[in-house]
**Student:** 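The structure under discussion is supplied below as structure tokens; questions concerning it will follow.
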Amino acid sequence: MMNQDILNLEYKTLHVVMKMELDGVKIDLKKCKQTLKQLKKFNEKLIRQIQAFTEDEVNLESPPQLHKLLFETLQLQPKIEKVGKNGCYSTDKSHLKKLIDQHEIVPLLLDYRKTISLINFCKQLQNVNLATKRLHGQFNQTGTATGRFSCSKPNLQNIPNVKLKDGETNKLRILESRFREMFVPKRGCQFICADYSQIEIRVAAEMSQDPFLLKAYNETDSNGNKLDVHKLTASEVFEISYSEVTDEQRSIAKSINFGLIYGKTAFGLSATLTEITGKHHSKEQAEDIMSKYFQRFSGVKTCLDALIDFADKHGYSETLYGRRRPIPQLSSSKLSERNAGKRLAMNSPIQGTAADIIKMAMVACDEQIKIKNLKSKLVLQVHDELLFEVPDDEMVVMETLVKNTMENVFRLSIPLEVGLDKGNNWAMAH
DNA sequence: CTTCTCACG
DNA sequence: ACGTACGTGAGAAGG
């Protein structure tokens with residue numbers, strides 16, 4: 001059963017989405033073709049290098065054949081791993097990285113995978129509509145479990161997002177960084193890209209009313225600068241002063257903050273800690289950090305428990321705006337299923353509330369554009385981000401319109417913050 | 001049709 | 001004891 005507020009929101013959103021799909025987005029086909037050519041060349045070279053290690057023809061797209069090549073022909077030693085359903089060791093990126101020192105073929109395989117993936121993106125982006133010469137993805141408004149959009153034919157919500165650091169020379173990274181540059185505004189226009197900053201953590205702060213989380217978003221440091229939520233978390237968990245937090249400690253705190261949204265366990269956190277620090281961290285060490293976290297952020301703990309209780313009692317979870325998601329897993333007889341249900345009960349209201357908010361923002365921005373008789377168009381939505389195609393003479397008014405509308409569309413006890421970028425392509429580089 | 005892998009938030 | 005972080009779509013292989 002759908003709540004009336006949500007139903008109204010969806011009806012209003014429908015018109016905005018329809019226009020977004022019909023308008024589509026312009027692609028720099030020249031850049032796309034050029035990149036495809038370079039990727040193909042790069043890919044052929046990798047194939048030659050890889051095939052040199054074996055006499056057999058190996059289909060690198062086949063995990064079973066790759067398993068054979070690595071662990072039988074080349075005798076690599078898998079690390080503490082179990083086999084999958086087809087009796088093979090996993091050969092995905094994270095597992096290959098662990099084997100990187102064992103054989104020079106491993107980095108080549110990683111690059112090969114990357115080029116194949118990027119080549120497919122190139123092919124998809126070339127399928128522009130013959131009449132409009134633009135790309136028209138389908139934004140599916142219904143169908144996801146949480147209220148988010150999905151996008152298909154092509155999926156415009158998973159375009160590589162790589163920002164190069166100064167002096168980066170890795171050729172594949174450079175090629176990968178071009179993909180958002182292929183999305184360009186039409187003549188006489190610029191893009192405005194507006195994204196909500198940490199919207200899910202802010203929703204968690206709102207739902208929990210946890211004093212420390214509220215403080216992170218409501219208060220400033222002694223110099224009047226905005227606080228960094230991950231840094232504040234680190235200072236609480238590691239019991240040090242805010243200014244003493246190291247980059248590594250901040251990065252650990254960040255993974256805790258995101259982890260809480262997903263119902264991460266101590267086991268999962270220990271793996272993340274090992275990855276971040278490069279040193280082994282036990283489950284017990286992770287448990288220590290988590291218990292310290294929930295001791296300090298006790299409001300978060302209470303909130304997550306309440307979300308589980310609510311879903312247990314009703315059989316569904318609910319967002320701040322009343323969107324529901326049934327969670328039948330909670331009444332499963334299998335413990336692992338029930339645990340999965342608990343994670344959904346914690347995550348869905350948070351992810352779903354963020355989805356509600358950006359739908360409201362899409363509607364509100366569309367209304368404002370109409371009221372002011374502007375020609376600016378919404379061209380993409382990527383979960384917490386809106387991309388507008390804006391005529392040059394509307395730039396000034398649109399910048400404030402978009403930011404203000406998005407930040408004020410739904411009032412929380414903490415501010416919603418929107419980051420705004422403009423440029424002549426989606427990468428906004430320079 | 002299912003499994004694996006990989007891109008995004 | 002159980003399995004281990006949520007939500008998506010695309011492409012390829014293998015059955």
Side-chain angles (χ1 to χ4, degrees), chain A residues 58-67 82-96 109-110 112-125 127 137-140 142-162 176 179-180 195-201 203-204 255-272 275 283 286-287 290 304 307 317 325 327 329 332-352 354-355 358 380-386 426:
Chain A
V58 178
N59 185 344
L60 300 170
E61 264 72 61
S62 164
Q65 289 188 40
L66 195 55
H67 166 96
K82 27 182 187 191
V83 291
K85 306 216 169 181
N86 46 16
C88 294
Y89 294 118
S90 171
T91 58
D92 74 12
K93 194 167 45 176
S94 68
H95 289 84
L96 284 180
L109 286 170
L110 285 165
Y112 173 82
R113 286 259 175 83
K114 177 73 79 186
T115 57
I116 289 291
S117 152
L118 296 181
I119 284 170
N120 283 329
F121 275 115
C122 281
K123 290 180 182 165
Q124 289 179 46
L125 294 188
N127 281 329
Q138 295 178 7
F139 286 84
N140 313 306
T142 61
T144 65
T146 55
R148 275 190 174 185
F149 279 99
S150 72
C151 182
S152 53
K153 298 172 186 177
N155 182 355
L156 299 174
Q157 291 182 317
N158 70 344
I159 304 301
N161 189 8
V162 167
E176 197 176 9
F179 279 80
R180 292 205 177 199
D195 70 303
Y196 280 114
S197 151
Q198 298 165 343
I199 188 164
E200 293 190 349
I201 303 177
V203 168
S255 73
I256 297 177
N257 280 329
F258 280 108
L260 84 89
I261 290 166
Y262 304 129
K264 197 172 192 165
T265 61
F267 181 90
L269 182 63
S270 70
T272 309
E275 173 127 332
K283 202 176 99 184
E287 261 162 12
M290 281 184 79
L304 294 175
L307 288 175
S317 68
R325 172 186 187 169
I327 307 184
Q329 291 93 323
S332 166
S333 58
K334 282 161 81 179
L335 180 59
S336 57
E337 280 284 299
R338 287 203 300 283
N339 283 339
K342 288 181 186 179
R343 291 195 295 272
L344 299 180
M346 294 186 273
N347 172 269
S348 305
I350 299 174
Q351 190 181 121
I358 195 146
L380 292 180
Q381 189 260 34
V382 191
H383 309 306
D384 61 359
E385 165 182 351
L386 299 177
W426 191 12

**Student:** With the sugar-phosphate defined as primed atoms, P, OP1 and OP2, and the base as all remaining atoms, what B/S/- string results for nucleotides 4-9 of chain B, 5' to 3', for protein heavy atoms under 4.0 Å?
**Tutor:** SSSBSB
**Student:** Taking any heavy-atom pair under 4.0 Å as a contact, classify A:Cys151: base, sugar-phosphate, or nothing.
**Tutor:**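 Sugar-phosphate contact only - A:Cys151 comes under 4.0 Å of backbone atoms but never of a base.
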**Student:** Quick one: label A:Leu156 by what it contacts on the DNA or RNA (base, sugar-phosphate, nothing), any heavy atom closer than 4.0 Å.
**Tutor:**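 It contacts nothing in the nucleic acid.
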**Student:** If every non-hydrogen atom of A:Pro160 is compared with every non-hydrogen atom of A:Leu118, which pair is closest and at what distance?
**Tutor:**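 That would be CG-CD2, 4.0 Å.
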**Student:** Show your working on side chain to side chain donor-acceptor pair (under 3.5 Å) between A:Gln351 and A:Tyr262 and close with a plain yes or no.
**Tutor:** CA-CA 9 Å; A:Gln351 190 181 121; A:Tyr262 304 129; over 6 Å; no
**Student:** Could you walk me through whether A:Asn339 and A:Thr265 pass the side chain to side chain contact (heavy atoms under 4.5 Å, CB included) test, one step at a time?
**Tutor:** CA-CA 10 Å; A:Asn339 283 339; A:Thr265 61; over 6 Å; no
**Student:** Just the endpoints, please: which first and last nucleotides of DNA chain C, 5' to 3', lie under 4.0 Å from a heavy atom of chain A?
**Tutor:**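 On DNA chain C, the outermost contacted nucleotides are C:dA1 to C:dG14.
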**Student:** Does A:Thr144 reach a base, just sugar-phosphate, or nothing at all? Heavy atoms under 4.0 Å.
**Tutor:**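 It contacts sugar-phosphate atoms only.
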**Student:** For C:dG3 and B:dC4, measure between their P atoms and round to the nearest Å.
**Tutor:**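 Going atom to atom, P in each nucleotide, I get 16 Å.
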**Student:** Considering residues, nucleotides and ligands other than A:Glu337, do more than 12 of their heavy atoms fall under 6.0 Å from its CD?
**Tutor:**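 It does: A:Glu337 CD has more than 12 such atoms within range.
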**Student:** Where does DNA chain C pair, written as one dot-bracket string 5' to 3', with Watson-Crick or G-U pairs under 3.5 Å, ( ) inside the strand, [ ] for crossing pairs and | for another strand?
**Tutor:** .....|||||||||.
**Student:** Indicate the atoms forming the closest heavy-atom contact of A:Gln65 with A:Asn59, along with that distance.
**Tutor:**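 Result for this residue pair: OE1-N, 2.8 Å.
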**Student:** Answer with base, sugar-phosphate or nothing: what part of the nucleic acid does A:Asn59 contact at a heavy-atom distance below 4.0 Å?
**Tutor:**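 If one applies the 4.0 Å heavy-atom cut-off, A:Asn59 turns out to touch the sugar-phosphate alone, with no base involved.
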**Student:** Quick one, A:Ile201 with A:Phe258, criterion side chain to side chain contact (heavy atoms under 4.5 Å, CB included). Give me CA distance, side-chain angles, the key distance, then yes/no.
**Tutor:** CA-CA 7 Å; A:Ile201 303 177; A:Phe258 280 108; 4.3 Å; yes
**Student:** Quick one: on DNA chain C, does A:Ala340 or A:Lys283 contact a more 5' nucleotide (nearest heavy atom)?
**Tutor:**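 First, find each residue's nearest nucleotide; the 5'-ward one identifies A:Lys283.
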**Student:** At their closest point, which heavy atom of A:Arg113 faces which heavy atom of A:Leu66, and how far apart are they?
**Tutor:**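 Closest pair (atom of A:Arg113, atom of A:Leu66, distance): NH2-CD2, 3.1 Å.
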**Student:** For atom P, what is the distance between B:dT5 and C:dT4, given to the nearest Å?
**Tutor:**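 The answer is 15 Å between these two P atoms.
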**Student:** Of all the heavy-atom pairs spanning A:Leu156 and A:Ile159, show the shortest one and how long it is.
**Tutor:**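 Looks like O-CG1, 3.8 Å.
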**Student:** Measure across A:Pro349 and A:Leu307 and return the closest heavy-atom pair with its distance rounded to 0.1 Å.
**Tutor:**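 For A:Pro349 and A:Leu307, the tightest heavy-atom pair comes out as CG-CD2, 4.0 Å.
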**Student:** For a quick test of reading the model, state the closest non-hydrogen atom pair linking A:Tyr89 to A:His67 and the distance between them.
**Tutor:**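 Nearest pair, atom of A:Tyr89 first, then A:His67: N-ND1, 3.0 Å.
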**Student:** Contact between A:Ile358 and A:Phe149 at the side-chain level, heavy atoms closer than 4.5 Å - yes or no?
**Tutor:**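 A:Ile358 vs A:Phe149: side chains apart.
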